[in-house]
Enquirer: 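Next up is a structure, given as structure tokens.
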Amino acid sequence: MFKTLSVALIGLGMSTLAMAAPPVAGQHYEVLDEPVPTRVEDGQIAVTEAFWYGCPHCYKLEEPLNAWVSELPDDVTFQRMPATMGGAWNRHAMAFYAAKQLGIQEAIHEDFFDAIHQQGKQLTDPEDIAAFFSDYGVSEQDALDALNSFGVKSQVNQAHARMRAMQLMGVPALIVDGHYVITPSSAGSLENMPQIAGELIKQVREERSDAS
């Protein structure tokens, strides 16, 4: 199901949406019936990216998304959440959380993407992942221990539960405040996704202000 949608998105263009008017629910984004807890500090607005290292669309989204994230205001917390749909998806999710546990996640993130999409590596075998991590100041044994740790396996399971709660049908996706889901299909292009997320951040601020 997730792979089918990922393939279907290949034809999407990269034109930029001019937000002349606020985005429309059901057209530019979907609204979850039950918001998913965001796990951020009080007062913060969470933006969560659901992605898979093996997804070419997630890879293409990196550049515009990173540029957007670099300019986020102080009241917004950006989070990455790896997709966990079995097979290579889960092994890459384990790599993400193992790198996080080892303190090298930020350092390896772009390089891990590049290794898959530019160098043709699979990086699904634990030994291959450990060898990759060894270039970032950790031993292969420490990397293997992290990949096989209870903590990493638990985080993969939690990510899977969160994806189900978010009703995600594919990646990449941006989830604002655990409530609003933006996909390339709803946004019209990959590049439009951060723009719509920005408009929804403003909407969340207004909703919170009205409720206070």
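Residue indices begin at 1 and follow the sequence shown.
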Enquirer: What is the minimum heavy-atom distance between P126 and L147, and which atoms define it?
Expert: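 Looking at all heavy atoms of both residues, the shortest contact is O-CD1, 3.7 Å.
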Enquirer: How long is the span from the CG atom in L174 to the CG atom in L200, to the nearest 0.5 Å?
Expert: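 Taking CG in L174 and CG in L200, the distance rounds to 10.0 Å.
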Enquirer: Quick test of your reading: applying side-chain hydrogen bond (donor to acceptor under 3.5 Å, both in side chains), list the pairs with at least one residue in residues 73-84, sequence neighbours left out, ordered by first then second residue.
Expert: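 Residue pairs passing side-chain hydrogen bond (donor to acceptor under 3.5 Å, both in side chains), neighbours aside: Q44-T77, T48-Q79, E49-R80, E62-R80, N66-R80, D75-R205, R80-H109, T84-H160.
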Enquirer: Using 0.5 Å steps for rounding, measure from the CG atom of L190 to the NZ atom of K60.
Expert: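 Going from the CG atom of L190 to the NZ atom of K60 covers 7.5 Å.
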Enquirer: How long is the straight-line distance from CG of L65 back to CD of E191, given to the nearest 0.5 Å?
Expert: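 It comes to 11.5 Å.
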Enquirer: Rounded to the nearest 0.5 Å, what's the gap from CG on D145 to CD on E140? Could you check?
Expert: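 If we round to the nearest 0.5 Å, D145:CG and E140:CD are 12.0 Å apart.
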Enquirer: Donor-acceptor pair, distance only, cut-off 3.5 Å: does the side chain of S149 make one with the backbone of A146?
Expert: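 A pair under 3.5 Å: yes.
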Enquirer: I'd like to check Q101 versus V152 (side-chain heavy atoms, cut-off strictly below 4.5 Å). Are they in contact?
Expert: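 Counting from C-beta outward, Q101 and V152 do come under 4.5 Å.
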Enquirer: For residues I182 and A187, report the shortest heavy-atom separation together with the two atoms involved.
Expert: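 Taking I182 first and A187 second, the nearest heavy atoms are CG2-CB, 4.0 Å.
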Enquirer: For atom CD of Q27, is the number of surrounding heavy atoms from other residues, nucleotides or ligands below 6.0 Å larger than 12?
Expert: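 Buried by this count: over 12 neighbours within 6.0 Å.
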Enquirer: How about E41: does its CD atom have over 12 heavy atoms from other parts shown lying under 6.0 Å from it?
Expert: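 It does not: E41 CD has 12 such atoms or fewer within range.
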Enquirer: Ignoring hydrogens and angles, tell me if any N or O in the side chain of N148 forms a donor-acceptor pair with the backbone of L144 under 3.5 Å.
Expert: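 Side chain of N148 to backbone of L144: a pair is present.
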Enquirer: Between Y59 and E110, do the side chains contain an N or O donor and an N or O acceptor separated by less than 3.5 Å?
Expert: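 The criterion, which ignores hydrogens and geometry beyond distance, is not satisfied for E110 and Y59.
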Enquirer: State whether the side chain of H92 and the backbone N or O of L123 hold a donor-acceptor pair below 3.5 Å, judged by distance alone.
Expert: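 Yes; at least one donor-acceptor contact below 3.5 Å.
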Enquirer: Would M85 and F51 show up in the same hydrophobic cluster when neighbours are defined by side-chain heavy atoms closer than 4.5 Å?
Expert: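 M85 clusters together with F51.
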Enquirer: Could you check L72 against I201 for side-chain contact (heavy atoms from CB on, under 4.5 Å), going step by step and ending with a plain yes or no?
Expert: CA-CA 10 Å; L72 285 174; I201 288 168; 4.2 Å; yes
Enquirer: For H179, is there any backbone N or O sitting under 3.5 Å from a side-chain donor or acceptor partner on D177?
Expert: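 Side chain of D177 to backbone of H179, a donor-acceptor pair under 3.5 Å: no, none is there.
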Enquirer: Quick check: is V204 connected to V24 through a chain of hydrophobic side chains (ILVMFWY, heavy atoms under 4.5 Å apart)?
Expert: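 V24 does not cluster with V204.
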Enquirer: Between W89 and V171, is any pair of side-chain heavy atoms under 4.5 Å apart?
Expert: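 SC-SC contact between W89 and V171 confirmed.
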Enquirer: Less than 4.5 Å apart, any side-chain heavy atom of Q203 and any of Y180?
Expert: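 Sidechains of Y180 and Q203: in contact.
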Enquirer: Can you confirm whether W68 sits close enough to V47 that some side-chain heavy atom of one is under 4.5 Å from a side-chain heavy atom of the other?
Expert: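 Answer yes - side chains close enough.
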Enquirer: List the steps and the verdict of side-chain contact (heavy atoms from CB on, under 4.5 Å) for D128 and F132.
Expert: CA-CA 6 Å; D128 291 339; F132 183 91; over 6 Å; no
Enquirer: State the CD-CD1 distance between E30 and I175, to the nearest 0.5 angstrom.
Expert: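 Spacing of CD (E30) from CD1 (I175) equals 12.5 Å.
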Enquirer: Between D142 and S139, is any side-chain donor less than 3.5 angstrom from a side-chain acceptor?
Expert: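 D142 vs S139: donor-acceptor pair found between side chains.
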Enquirer: Is any side-chain heavy atom of Y97 closer than 4.5 Å to a side-chain heavy atom of P82?
Expert: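 Side chain of Y97 against side chain of P82, heavy atoms only: contact under 4.5 Å found.
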Enquirer: Could you measure the distance from the NE2 atom of H28 to the CD atom of E199? Nearest 0.5 Å is fine.
Expert: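 One finds 10.5 Å between NE2 of H28 and CD of E199.
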Enquirer: Is it the case that one hydrophobic cluster holds both V40 and M81, taking links as side-chain heavy atoms less than 4.5 Å apart, direct or via other members?
Expert: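 Result: no, two separate clusters.
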Enquirer: With a 4.5 Å heavy-atom cut-off, do P172 and C55 have their side chains touching?
Expert: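 Side-chain contact under 4.5 Å: yes.
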Enquirer: Any side-chain heavy atom of V181 sitting closer than 4.5 Å to one from Y29?
Expert: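 V181 vs Y29: side chains apart.
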Enquirer: Do D114 and K121 sit within salt-bridge range, that is, some charged N less than 4.0 Å from a carboxylate O?
Expert: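 The answer is no: the pair does not qualify as a salt bridge.
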Enquirer: Applying a strict under-4.5 Å side-chain criterion to I, L, V, M, F, W and Y, I'd like to know whether F150 and M94 cluster together.
Expert: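 Hydrophobic grouping puts F150 apart from M94.
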Enquirer: Is there a side-chain contact (heavy atoms from CB on, under 4.5 Å) between Y53 and F96 once you walk through the steps?
Expert: CA-CA 9 Å; Y53 279 121; F96 175 89; 3.7 Å; yes
Enquirer: Around atom CZ of R208, are there more than 12 heavy atoms from other residues, nucleotides or ligands closer than 6.0 Å?
Expert: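 Yes, because the 6.0 Å sphere around CZ of R208 holds more than 12 heavy atoms from other groups.
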Enquirer: Of all the heavy-atom pairs spanning F133 and A95, show the shortest one and how long it is.
Expert: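 Shortest heavy-atom contact: CZ-O, 3.3 Å.
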Enquirer: Looking only at non-hydrogen atoms, find the nearest pair between G178 and T38 and report the distance.
Expert: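 It is N-CG2, 3.5 Å.
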Enquirer: Quick check: do R39 and R162 have side-chain heavy atoms less than 4.5 Å from each other?
Expert: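 R39 reaches R162 side chain to side chain.
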Enquirer: Show your reasoning for whether side-chain hydrogen bond (donor to acceptor under 3.5 Å, both in side chains) applies to S189 and N192.
Expert: CA-CA 5 Å; S189 77; N192 290 344; 3.2 Å; yes
Enquirer: Do other residues, nucleotides or ligands put more than 12 heavy atoms under 6.0 Å from E63 CD?
Expert: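 Check fails, neighbour count at 12 or below.
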Enquirer: With a 3.5 Å distance limit and no angle check, can you tell me whether S209 reaches the backbone of E206 through a side-chain donor-acceptor pair?
Expert: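 The answer is no, because no donor-acceptor pair under 3.5 Å joins these two groups.
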